[in-house]
Enquirer: 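Sending over a structure as structure tokens; questions will come in a sec.
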Amino acid sequence: MTRTAIITGSTSGIGLGIVEAFAARGMNIMLNGFGDADEIEATRAALDAVSDGTVAYHGADMTKPEEIEDLIRTTETMFGAVDVLVNNAGIQHVSPVEDFPLAKWDAIIAINMSSAFHTIRAALPGMKARKWGRIINVASAHGLVASPFKSAYVTAKHGIVGLTKTVALEAAADGVTVNAVCPGYVLTPLVEGQIPDTAKARGLTEEEVKRDVLLAAQPTKEFVTVEQLGALCTFLASDGAASMTGTALPVDGGWVAH
Ligand code: NAD
């Protein structure tokens, strides 16, 4: 049976890595996220060509509940079900809390946290009715521990871990699992974009930020890869993971073991 997955924020970085792993398993996939329309179409067509499943794209903005509802309904209409929902879209802003721009706070809470409430509330009834579903929330090591200057992000990621546990309890008897994955640093555009701001906030060079701030937290001294996260999400989406629910799984080179 061909499963259908939605991965929010999958035009780049970790989301795209998860899509590539799912496509290799022949799943039907609904891509989502921003970017150049021609580049997105080229990505969609390339994935569609290599996968046994069908790869489509929906451009829902994760700050807009009505567009999120349309993402879920369109996928259900196109493929007959949403079996796997990966809430991955996210942004970052680095600033001391007293200077944190209000619009950035609101956007991070909306995209990194509230969007998962909106996707889940729309997709869960169908999963429960079919007695099978997998919800994977891409949280962060920052869903388990904090770092300075990331108040909105750490708040949203702790919130998504709480949402994960709550929905896991509500859906446990219906064959639906809900888990959070908590990556350490992955060298994606999101991380590359915050290096200059972190350098400014801490008075460091960009190389010092990579070595002394980002990888200082990871005992392996290696960035986590999108392939590693794709492999974990593939397992969580499988029947073998049926008894794993309500977890927040660190994938962080040992960071939160400190
Ligand atoms: P990225 O910037 O490479 O990708 C973010 C994706 O989200 C893109 O596809 C972008 O278009 C999409 N997006 C942004 N705003 C959106 C909106 N309003 N509506 C729909 N899509 C939107 O970043 P990434 O590093 O791949 O991050 C993906 C997730 O992983 C985020 O939730 C992030 O917090 C989390 N994460 C990243 C790291 C890391 O080190 N990169 C670590 C832990 C957790």
Side-chain angles (χ1 to χ4, degrees), residues 6-21 29-37 39-40 43-44 47 57-72 85-94 103-104 106-116 118-119 136-147 150 152-161 163-164 180-195 198 209-210 213-215 217-218 220 222-230 232-233 248-253 255-256:
I6 296 175
I7 301 91
T8 69
S10 49
T11 51
S12 168
I14 293 169
L16 186 54
I18 295 168
V19 162
E20 284 169 350
I29 287 160
M30 184 62 89
L31 292 166
N32 162 259
F34 295 157
D36 176 78
E39 281 177 25
I40 293 171
T43 301
R44 187 208 62 75
L47 288 162
Y57 168 76
H58 189 292
D61 180 341
M62 289 298 119
T63 65
K64 302 207 161 73
E66 63 284 2
E67 293 188 20
I68 296 172
E69 172 94 22
D70 190 62
L71 166 68
I72 305 295
L85 169 64
V86 182
N87 291 304
N88 167 78
I91 59 169
Q92 175 63 286
H93 185 79
V94 179
K104 288 284 183 196
D106 288 344
I108 289 173
I109 297 300
I111 297 167
N112 297 22
M113 188 178 77
S114 299
S115 71
H118 293 295
T119 56
I136 302 169
N137 296 321
V138 179
S140 167
H142 283 122
L144 303 170
V145 295
S147 295
K150 297 184 177 178
Y153 189 87
V154 171
T155 300
K157 293 300 186 182
H158 276 66
I160 203 96
V161 170
L163 180 67
T164 300
V181 297
C182 300
Y185 283 103
V186 190
L187 209 49
T188 65
L190 180 142
V191 166
E192 283 159 359
Q194 69 188 274
I195 290 172
T198 304
V209 169
K210 272 194 192 170
V213 179
L214 304 184
L215 292 180
Q218 291 185 194
T220 53
E222 302 279 352
F223 285 100
V224 177
T225 69
V226 299
E227 290 79 11
Q228 291 161 358
L229 293 164
L232 175 60
C233 290
L249 298 164
V251 188
D252 62 4
W255 173 352
V256 303

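Positions are given from 1 along the sequence. Order of appearance sets the numbers: ligands from 1, and atoms from 1 within every ligand.
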Enquirer: Using only atom types and a distance under 3.5 Å, with no angle test, would you say the side chain of Ser115 pairs donor to acceptor with the backbone of Ile111?
Expert: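 The answer is yes, because a donor-acceptor pair under 3.5 Å joins these two groups.
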Enquirer: Counting heavy atoms only, which part of Ala60 comes closer than 4.0 Å to ligand 1: side chain, backbone, both or neither?
Expert: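 The backbone, only.
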Enquirer: side-chain contact (heavy atoms from CB on, under 4.5 Å) between Met113 and Leu163: does it pass, once the steps are laid out?
Expert: CA-CA 9 Å; Met113 188 178 77; Leu163 180 67; 5.9 Å; no
Enquirer: Drop me the distance from His93's NE2 to Lys150's NZ, to the nearest 0.5 angstrom.
Expert: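 One gets 12.0 Å once the value is rounded to the nearest 0.5 Å.
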Enquirer: Does ligand 1 have any atom that is closer than 4.0 Å to a heavy atom of Gly184?
Expert: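 Contact present.
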Enquirer: Name the closest protein heavy atom to atom 18 (N) of ligand 1, giving the residue it belongs to and the distance to 0.1 Å.
Expert: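 Minimum-distance protein heavy atom for atom 18 (N) of ligand 1 reads Asp61 OD1, 3.0 Å.
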Enquirer: Donor-acceptor pair, distance only, cut-off 3.5 Å: does the side chain of Tyr57 make one with the backbone of Gly33?
Expert: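 Such a contact is found between Tyr57 side chain and Gly33 backbone.
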Enquirer: For Asp61, is there any backbone N or O sitting under 3.5 Å from a side-chain donor or acceptor partner on Glu67?
Expert: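 Checking the backbone N and O of Asp61 against the side chain of Glu67, a donor-acceptor pair under 3.5 Å is found.
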Enquirer: Take every heavy atom of Ser10, measure it against each atom of ligand 1, and state whether any distance is under 4.0 Å.
Expert: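 It does, in that a heavy atom of Ser10 comes within the 4.0 Å cut-off of ligand 1.
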Enquirer: Under 3.5 Å, N or O to N or O, is Ile91 touching ligand 1 that way?
Expert: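 Such a contact does not occur with ligand 1.
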Enquirer: Return the residue, atom name and 0.1 Å-rounded distance of the protein heavy atom closest to atom 5 (C) of ligand 1.
Expert: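 Here the closest protein heavy atom is Gly90 O, 3.7 Å.
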Enquirer: Applying a heavy-atom cut-off of 4.0 Å, say which part of Lys157 lies close to ligand 1: side chain, backbone, both or neither.
Expert: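 It is the side chain that gets close, since no backbone atom is under 4.0 Å.
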Enquirer: If you measure from each non-hydrogen atom of Ala139 to ligand 1, which part falls under 4.0 Å: side chain, backbone, both or neither?
Expert: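 Ala139 to ligand 1: backbone contact only, side chain stays beyond 4.0 Å.
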Enquirer: Looking at OG1 of Thr43 and CD of Glu20, how far apart are the two atoms once the value is rounded to the nearest 0.5 Å?
Expert: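 Reported value, rounded in 0.5 Å steps: 8.5 Å.
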Enquirer: Between Gln218 and Tyr185 (side chain of the first, backbone of the second, donor and acceptor by atom type, cut-off under 3.5 Å), is there such a pair?
Expert: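 Here the side-chain-to-backbone pair exists.
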Enquirer: Treating Thr8 as the side-chain partner and Asn88 as the backbone partner, does any N or O pair qualify as donor plus acceptor under 3.5 Å?
Expert: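 Pair found, side chain donor or acceptor close to backbone of Asn88.
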Enquirer: I'd like to check which ligand 1 atoms, numbered from 1 as shown, lie under 4.0 Å from a non-hydrogen atom of Ser12.
Expert: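 Result: 1 (P), 3 (O), 4 (O), 8 (C), 9 (O).
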Enquirer: Give the atom numbers and elements of ligand 1 that come within less than 4.0 Å of a heavy atom of Asn32.
Expert: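 With Asn32 as reference, the close atoms of ligand 1 come out as 20 (C), 21 (N).
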Enquirer: Which residue and atom name correspond to the protein heavy atom nearest atom 27 (O) of ligand 1, and how close is it?
Expert: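 Among all protein heavy atoms, the one nearest atom 27 (O) of ligand 1 is Leu190 CD1, 3.8 Å.
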Enquirer: With a 4.0 Å heavy-atom cut-off (strictly under), which part of Ile14 contacts ligand 1: side chain, backbone, both or neither?
Expert: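 Answer for Ile14: both.
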Enquirer: Can you tell which of Val19, Asp36, Ile40 makes a side-chain contact (heavy atoms from CB on, under 4.5 Å) with Thr11?
Expert: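 One option only clears the test, and that one is Ile40.
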Enquirer: Tell me, which protein residue and heavy-atom name are nearest atom 43 (C) of ligand 1, and how many Å apart are they?
Expert: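 The closest one turns out to be Pro183 O, 3.3 Å.
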Enquirer: Any chance you could measure Asn32, atom CG, to Ile6, atom CD1, to the nearest 0.5 Å?
Expert: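 Reported to 0.5 Å precision, the distance equals 8.5 Å.
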Enquirer: Provide the number and element of each atom of ligand 1 under 4.0 Å from a heavy atom of Val191.
Expert: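 Matching atoms, with element in brackets: 39 (C), 40 (O), 41 (N).
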Enquirer: Quick check for you: to the nearest 0.5 Å, what is the distance between Leu144 atom CG and Leu249 atom CG?
Expert: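 The CG atom of Leu249 is 9.5 Å from CG of Leu144, to the nearest 0.5 Å.
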Enquirer: Which residue and atom name correspond to the protein heavy atom nearest atom 9 (O) of ligand 1, and how close is it?
Expert: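 Looking only at protein heavy atoms, the one closest to atom 9 (O) of ligand 1 is Thr11 OG1, 2.7 Å.
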Enquirer: Please say whether Met62 places an N or O atom under 3.5 Å from an N or O atom belonging to ligand 1.
Expert: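 It does: an N or O of Met62 is found under 3.5 Å from an N or O of ligand 1.
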Enquirer: List every atom of ligand 1 that sits less than 4.0 Å from any heavy atom of Tyr153, numbering the atoms from 1 in the order shown and giving each element.
Expert: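 Listed by number with element, the hits are 33 (C), 34 (O), 35 (C), 36 (N), 37 (C), 43 (C), 44 (C).
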Enquirer: Report, in ascending order of atom number, the atoms of ligand 1 lying under 4.0 Å from any heavy atom of Gly13.
Expert: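 Going through ligand 1 atom by atom, the ones under 4.0 Å from Gly13 are 3 (O), 26 (O).
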Enquirer: Please confirm whether the backbone N or O of Ala60 pairs with a side-chain atom of Asp70, one donor and one acceptor, at under 3.5 Å?
Expert: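 It does not hold such a pair.
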Enquirer: Is it the side chain (CB and beyond), the backbone, both or neither of Cys182 that lies under 4.0 Å from ligand 1, heavy atoms counted?
Expert: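 It is neither part, as no heavy atom is under 4.0 Å.
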Enquirer: What protein heavy atom is closest to atom 31 (C) of ligand 1, reported as residue, atom name and distance in Å?
Expert: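 Checked against all protein heavy atoms, atom 31 (C) of ligand 1 sits closest to Asn88 O, 3.1 Å.
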Enquirer: Looking only at protein heavy atoms, which one is nearest to atom 25 (O) of ligand 1, and what is the separation?
Expert: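 I find the closest protein heavy atom is Thr188 OG1, 2.4 Å.
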Enquirer: Just to confirm my output: which protein heavy-atom neighbour is closest to atom 12 (C) of ligand 1, and how far is it?
Expert: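 Checked against all protein heavy atoms, atom 12 (C) of ligand 1 sits closest to Gly9 CA, 3.6 Å.
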Enquirer: Judged by atom type as modelled, is there a donor-acceptor pair below 3.5 Å linking the side chain of Lys157 to the main-chain atoms of Val138?
Expert: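 Side chain of Lys157 to backbone of Val138: a pair is present.
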Enquirer: Below 4.0 angstrom from a heavy atom of Gly33, which ligand 1 atoms are there? Numbered from 1 as shown, please.
Expert: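 Matching atoms, with element in brackets: 11 (O), 21 (N).
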Enquirer: Is the backbone N or O of His142 less than 3.5 Å from a side-chain atom of His158, with the two atoms forming a donor-acceptor pair by type?
Expert: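 Judged by distance alone, yes, a pair lies under 3.5 Å.
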